[in-house]
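Nothing here was measured: the structure is a model prediction, and the numbers come from that model.
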Amino acid sequence: MSNMEERYLNMMHQWLILRQEGKSIDRYLKRQGYNSVAVYGMAIYGRHVIRELKESDIKIIYGIDRRKVDAYMNIQVLQPTEKLPHVDAFINTVLNDHAGIKDCLAKIADSPVISLEDIIFESYN
C-alpha cells in the first residue's frame, strides 16, 4: 500500500469513527463560521462530503473538478479555470496536491481552502 493510499484509508477510518459517534463534519465548519462551501474534487471523497453535508444546514454552492463533470445531487460542478462564485470556504478532498490546489484557487477566489483530512482529524476537538 502506498503512503497516499494509507492516508486516504486512515482518513476514512477516522471519518467512520466520527459518524459512529454521531458527529458530522458540519460541526467543524460551523465552529469556523463557514455556512457556504464548495467541494473541490468530485470523485468518491467529494461525493461523500456532499452526501454528508446535504443532511446539514451548510450550503454546498457548487463542486469543482479539473475534469468536466456532470452535476452531482443537483450540485453544479465548475472547473477551476473560471471566476468562481463566493463561498465561505473550499473543502479540498484531494490529498496528494493540497498546496497546488490551494495556489490554483487563490488565483481565482479569495476564500480559504481546507483539506478534508484536516477537517476529519480536527473534528475530534
Side-chain angles (χ1 to χ4, degrees):
M1 179 181 303
S2 74
N3 182 40
M4 190 54 57
E5 290 169 327
E6 192 170 329
R7 280 180 65 195
Y8 275 111
L9 184 61
N10 286 336
M11 180 184 70
M12 291 305 289
H13 174 71
Q14 295 305 318
W15 197 353
L16 179 59
I17 290 171
L18 282 174
R19 294 298 290 173
Q20 289 171 334
E21 293 177 353
K23 298 174 185 172
S24 175
I25 61 175
D26 71 316
R27 193 176 104 198
Y28 170 89
L29 297 168
K30 288 177 191 172
R31 274 197 325 248
Q32 300 300 317
Y34 303 139
N35 297 305
S36 65
V37 298
V39 177
Y40 187 98
M42 293 305 297
I44 188 168
Y45 303 101
R47 291 170 184 237
H48 282 303
V49 169
I50 288 171
R51 282 200 280 307
E52 181 163 325
L53 291 179
K54 279 284 201 177
E55 300 173 8
S56 75
D57 57 353
I58 300 291
K59 292 182 181 146
I60 306 161
I61 306 301
Y62 53 91
I64 308 167
D65 203 285
R66 289 181 182 165
R67 301 172 290 130
K68 189 161 182 74
V69 177
D70 291 332
Y72 179 73
M73 293 185 74
N74 295 321
I75 303 293
Q76 177 186 17
V77 180
L78 306 175
Q79 293 181 292
T81 56
E82 52 193 271
K83 179 77 174 144
L84 299 173
H86 177 77
V87 291
D88 294 335
F90 295 104
I91 299 174
N92 175 25
T93 67
V94 181
L95 301 185
N96 65 340
D97 188 23
H98 183 67
I101 291 166
K102 213 171 171 177
D103 289 344
C104 171
L105 292 175
K107 292 175 185 170
I108 54 178
D110 60 358
S111 302
V113 180
I114 309 153
S115 143
L116 176 60
E117 185 177 38
D118 289 345
I119 293 171
I120 298 296
F121 284 98
E122 290 179 24
S123 289
Y124 283 102
N125 300 331

Return the minimal non-hydrogen interatomic distance between [X] and [Y], and the atom names on each side.
X	Y	value
Met12	His48	CE-CD2, 4.0 Å
Leu95	Ser115	CD2-OG, 4.2 Å
Val69	Val77	O-CB, 3.6 Å
Ser36	Ile61	CB-CG1, 3.8 Å
Tyr40	Thr93	O-OG1, 2.8 Å
Gln14	Ile120	CB-CG2, 3.7 Å

Sequence neighbours excluded, which residues qualify as salt bridge (Lys or Arg N to Asp or Glu O under 4.0 Å) partners of [X]?
X	result
Arg7	Glu117
Asp65	Arg67
Asp118	none

Could I get the full list of side chain to side chain donor-acceptor pair (under 3.5 Å) partners for [X], not counting sequence neighbours?
X	answer
Asp57	Lys30
Ser24	Asp26, Glu52
Tyr72	Arg51
Glu55	Arg19

Pairing residues for Tyr8 by the ring-ring contact (aromatic ring centres under 6.0 Å, His included) criterion, not counting sequence neighbours: Tyr45
Looking at residues at least two apart in the chain, or sitting in another chain, which of them share a ring-ring contact (aromatic ring centres under 6.0 Å, His included) with Tyr28? none
Is there a path of hydrophobic side-chain contacts, each under 4.5 Å between heavy atoms of I/L/V/M/F/W/Y residues, joining Leu16 to Leu53?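 Leu53 does not cluster with Leu16.
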Can you confirm whether [X] sits close enough to [Y] that some side-chain heavy atom of one is under 4.5 Å from a side-chain heavy atom of the other?
X	Y	result
Ser56	Leu29	no
Leu84	Leu105	yes
Ile114	Val37	no
His13	Ile17	yes

First locate atom [atom1] of [X], then atom [atom2] of [Y], and finally report the distance between them rounded to the nearest 0.5 Å.
X	Y	atom1	atom2	result
Ile25	Leu18	CD1	CG	9.5 Å
Ile75	Ile60	CD1	CD1	5.0 Å
Ile108	Leu78	CD1	CG	9.0 Å

Salt bridge (Lys or Arg N to Asp or Glu O under 4.0 Å): pairs with one or both residues in residues 93-104, sequence neighbours excluded: Arg66-Asp97
Please identify each residue that fulfils side chain to side chain contact (heavy atoms under 4.5 Å, CB included) with Asn35, with sequence neighbours left out. Asp88
Does NZ in Lys54 sit with more than 12 non-hydrogen atoms of other residues, nucleotides or ligands closer than 6.0 Å?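 Count over threshold, so yes.
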Would you mind listing every ring pair (Phe, Tyr, Trp, His ring centres under 6.0 Å) that reaches into residues 85-106, with sequence neighbours excluded?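 The answer is none; no pair qualifies.
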